[in-house]
Every structure is written in structure tokens, then in C-alpha cells.
Amino acid sequence: MSALSPTEALMPEISAPIVLALPKGRILDAVAPILRAAGIVPAPDCLDGDSRRLRFPTDDPGLDVIRVRPFDVATFVAFGAAQIGICGADVLMEFDYPEIYAPLDLRVGGCRVSVAEPADLPPTDPACWSQVRVATKYPNVARRHFAAKGIHADIVHLNGAMELAPNLGLSRLIVDLVQTGGTLRANGLHETEVIAEISSRLIVNRTALKTRPEAIASLIDRFRAALAEGAGS
Ligand SMILES: Nc1ncnc2c1ncn2[C@@H]1O[C@H](COP(=O)(O)OP(=O)(O)OP(=O)(O)O)[C@@H](O)[C@H]1O
Ligand SMILES: O=P(O)(O)OC[C@H]1O[C@H](OP(=O)(O)OP(=O)(O)O)[C@H](O)[C@@H]1O
């Protein structure tokens with residue numbers, strides 16, 4: 001957590017539009033039908049990957065949308081810059097912000113956070129390890145996972161292409177997202193443990209829930225109704 005605590009962050013005026021933070025990339029595509037079913041209609045270039053705009057009006061003057069990196073959605077919401085957002089449970093696990101409440105599983109973006117290693121490594125018993133080097137985009141998740149087994153994880157923090165690390169001698173293991181397993185197989189790795197099953201969540205800033213209860217509760221209800229109608233599944 002940085003020096004500025006989310007609870008100290010400036011909350012917008014009550015009359016300002018609610019800001020919904022959406023992750024650009026694959027989740028945005030998966031979430032578009034849910035937004036539609038919830039009656040949220042952002043300006044057309046919001047869903048267009050080529051637009052350089054980051055903040056978009058919607059057909060509701062009380063609701064704007066911002067488009068940010070998937071990993072940053074939780075931070076925008078935790079600090080109250082956005083009051084509501086959508087991100088993967090992997091991101092919530094990594095940051096573990098107490099300011100975030102995650103009321104709805106949107107049932108899209110399904111994958112898992114797993115441990116993987118080179119498929120051709122001779123088997124060893126991790127119970128014998130006191131430490132292990134792990135390349136990951138999820139240092140906190142990885143550290144907690146191995147600490148629970150009494151193993152110190154020596155973290156190599158990467159932002160992508162983790163699958164290269166073991167076979168280039170950067171780490172013994174990786175902790176990364178796996179869906180089909182295709183990326184692991186294509187890089188000579190195999191999955192050894194599933195840390196958590198992942199899907200995308202609707203997230204809300206807890207302070208906003210108290211200061212703007214009607215507006216936030218109504219948005220949550222619209223998402224809930226969209227899911228009940230089968231949107232996204
Ligand atoms: N292979 C996958 N299958 C299903 N969901 C995935 C997969 N990879 C990632 N996700 C989900 O989608 C979210 C966003 O992942 P995505 O790959 O679009 O962005 P990113 O690589 O984290 O972002 P950036 O491009 O900014 O680094 C993840 O946090 C996770 O919840
Ligand atoms: O099991 P699979 O179906 O192969 O999916 C897993 C891959 O998907 C994600 O990468 P992504 O495609 O998002 O690329 P990035 O990490 O470069 O963003 C993840 O980091 C894995 O590399």
C-alpha cells in the first residue's frame with residue numbers, strides 16, 4: 001500500500017457521476033454482453049480497442065466509464081477514484097485491499113492461478129524445500145502460498161512471459177494463470193498445483209457504498225439482474 005491510504009483518498013462530490021472502472025483486454029470483451037443486459041451503454045469507442053480515450057460517458061449522465069489495465073482496476077476502486085469496477089479474482093487476491101467489497105461473481109474470465117514447472121524435471125518432494133525461486137506477476141499470492149507450506153519464495157517479479165523463466169534458469173517454478181494449459185505445454189511446462197480458481201468479480205469501494213448507497217446498490221442490482229437473465233454465461 002502506498003503512502004496515501006485509500007481511506008484518505010479524495011471521494012468525488014455526491015453530484016459527480018459514478019465512475020465504473022473496466023479492464024481493457026479480454027475481460028472487456030467478455031463483460032460487454034453483461035453491461036448491455038444491465039442497461040449500461042457506454043460511448044461506442046469504449047468497447048473499441050483502438051480508441052485512445054480513457055474516460056467515456058454513458059447514456060446515463062450519472063455514470064461514466066474508465067478503461068484501465070486489468071491489474072489497476074482494483075487500485076482505482078480501492079482509492080475511491082472509481083466507485084465500482086470489474087476485475088479478476090486473481091487481482092483481488094494479489095492486492096487484498098480491505099476497502100474493496102466484491103458482491104458479485106460475473107462468471108466470465110474463468111481460469112486458475114497455478115504453480116508450474118518444467119515437464120522434464122526429475123520429481124522432488126517440495127516438503128524437503130526451505131526455499132524456492134518463483135517467477136510471477138503475483139508476488140503476494142506466491143509468497144503466501146509457499147509460506148503456508150513453510151517454504152520461503154524467492155520472487156522474480158515479471159509482468160508477462162513467465163513461462164520462459166524456468167527453462168532460461170531464472171526460476172525453478174512459476175505462478176501464473178492457466179486456462180487451457182496451452183501456454184504451459186507450448187513452453188515445456190506442466191501444472192503442479194492449483195492455488196485458486198478465478199473468475200471476474202464486480203467490485204465496489206466500501207466508502208462509496210456508504211456515501212452513495214442508492215446509486216451503488218442500484219448498479220449492483222442491475223448487474224445481478226443481468227446475470228439472472230443469463231448474460232455472460
Ligand atoms: N488465459 C486466460 N483465460 C481466462 N481469463 C484470463 C486468462 N488470462 C487472464 N485472464 C483473466 O483476465 C484478466 C486480465 O488478463 P489479461 O491477460 O487481459 O490482461 P493482463 O495481461 O493482466 O493485462 P496487461 O495487458 O495490462 O498486462 C486476468 O486478471 C484474469 O482474471
Ligand atoms: O492456459 P492458457 O489458455 O494458455 O492461458 C494462459 C495464458 O493466458 C495469460 O496470458 P495472456 O494471454 O493474457 O498474455 P499476457 O500474459 O502476455 O498478457 C496467462 O498469463 C497465460 O500465459
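All residue numbers refer to positions in the sequence shown, counting from 1. For ligands, and for the atoms within them, numbers begin at 1 and follow the listed sequence.
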Under 4.0 Å between heavy atoms, the region of D176 that gets near ligand 2 turns out to be side chain
Is the backbone N or O of L189 less than 3.5 Å from a side-chain atom of N187, with the two atoms forming a donor-acceptor pair by type? no
- Do M93 and M162 share a hydrophobic cluster (ILVMFWY, side-chain heavy atoms under 4.5 Å, transitive)? no
Original post:
Any donor and acceptor pair, going by atom type alone, linking the side chain of R212 with main-chain N or O of Q83 inside 3.5 Å?
Top reply: no
Hey, is ligand 1 close enough to R26 that some N/O pair sits below 3.5 Å? yes
ask   = Would you say the side-chain atoms of E163 and T183 include a donor-acceptor pair closer than 3.5 Å?
value = no
task: Report the C-alpha separation of Y138 and I195 in whole Å, then their side-chain angles, then the decisive distance to 0.1 Å, and conclude whether the side-chain contact (heavy atoms from CB on, under 4.5 Å) test is met.
output: CA-CA 11 Å; Y138 300 93; I195 299 179; over 6 Å; no
message = Would E163 count as a contact residue for ligand 2, given that I'm defining contact as a non-hydrogen atom of the residue lying under 4.0 Å from a ligand atom?
response = yes
for atom 5 (O) of ligand 2, nearest protein heavy atom and its distance come out as Q179 N, 3.7 Å
L177 heavy atoms within 4.0 Å reach ligand 1 at atoms 8 (N), 9 (C), 10 (N), 28 (C), 30 (C)
of all protein heavy atoms, closest to atom 3 (N) of ligand 1 is Q179 OE1, 3.2 Å
protein heavy-atom neighbour closest to atom 13 (C) of ligand 1 works out as I27 CD1, 3.4 Å
Can you list the steps and then say if V115 with F146 is a side-chain contact (heavy atoms from CB on, under 4.5 Å)?
-> CA-CA 10 Å; V115 182; F146 287 103; 4.1 Å; yes
Taking every heavy atom of P23 against every heavy atom of L28, the minimum-distance pair comes out as O-CB, 3.1 Å
Report task. Return a yes/no value: protein heavy atom under 4.0 Å from atom 22 (O) of ligand 2? Result -> yes
So the atoms of ligand 2 within less than 4.0 Å of a heavy atom of T180 turn out to be 1 (O), 2 (P), 3 (O), 4 (O)
among protein heavy atoms, the one nearest atom 12 (O) of ligand 2 is R26 NH2, 2.7 Å
Residue, atom and distance of the protein heavy atom nearest atom 4 (O) of ligand 2 read T183 OG1, 2.4 Å
Under 4.0 Å from one or more heavy atoms of K137, ligand 1 contributes atoms 20 (P), 21 (O), 22 (O), 27 (O)
Closest heavy-atom approach to atom 6 (C) of ligand 2 among L177, N187, L184 is made by L177
What about F79 and V19, same hydrophobic cluster or not, with Ile/Leu/Val/Met/Phe/Trp/Tyr joined at side-chain heavy-atom distances under 4.5 Å? yes
Applying side-chain contact (heavy atoms from CB on, under 4.5 Å), run through L92 and Y97 and close with a yes or a no.
CA-CA 7 Å; L92 297 179; Y97 284 123; over 6 Å; no
Judged by heavy atoms only, the candidate from G25, A186, G160 nearest atom 16 (O) of ligand 2 is G160
Inset, instruction - Before signing off on this row, confirm whether K24 and ligand 1 have an N or O atom pair separated by under 3.5 Å. - result: no
G110 heavy atom under 4.0 Å from ligand 1 | yes
Item to complete: Answer yes or no: does atom CZ of R53 have more than 12 heavy-atom neighbours from other residues, nucleotides or ligands under 6.0 Å?
Response: yes
So the atoms of ligand 1 within less than 4.0 Å of a heavy atom of G88 turn out to be 31 (O)
Look only at the side chain of R67 and the backbone of C46, and say whether a donor-acceptor pair between them is shorter than 3.5 Å. yes
Open item on the list: Would you say E94 and N140 are linked by a side-chain donor-acceptor pair, where the criterion is simply a distance under 3.5 Å?
Closed with: yes
>> Polar contacts were defined as any N/O atom of the residue lying under 3.5 Å from an N/O atom of the ligand; does this apply to Y138 and ligand 1?
In response: no
Numbered in order shown, the ligand 1 atoms found under 4.0 Å of a heavy atom of V91 are 29 (O)
Any nitrogen or oxygen of V178, main chain or side chain, under 3.5 Å from a nitrogen or oxygen of ligand 2?
no
Exercise. For the pair R133 (side chain) and V156 (backbone), establish whether a donor and an acceptor sit closer than 3.5 Å, ignoring hydrogens and angles.
Key: no
query = Going through the checks in order, is the side-chain contact (heavy atoms from CB on, under 4.5 Å) test met by L35 and L22?
reply = CA-CA 10 Å; L35 294 177; L22 295 178; 3.8 Å; yes
Residue, atom and distance of the protein heavy atom nearest atom 26 (O) of ligand 1 read R69 NE, 2.7 Å
P70 heavy atoms within 4.0 Å reach ligand 1 at atoms 14 (C), 19 (O), 23 (O), 26 (O)
Run R26 and D29 through salt bridge (charged side-chain N to carboxylate O under 4.0 Å, His left out) and show every step you take. CA-CA 5 Å; R26 75 173 78 219; D29 296 339; over 6 Å; no
Polar-atom distance check: K137 versus ligand 2, any N or O pair below 3.5 Å?
-> no
the protein heavy atom lying closest to atom 28 (C) of ligand 1 turns out to be D90 OD2, 3.3 Å
Under 4.0 Å between heavy atoms, the region of T180 that gets near ligand 1 turns out to be neither
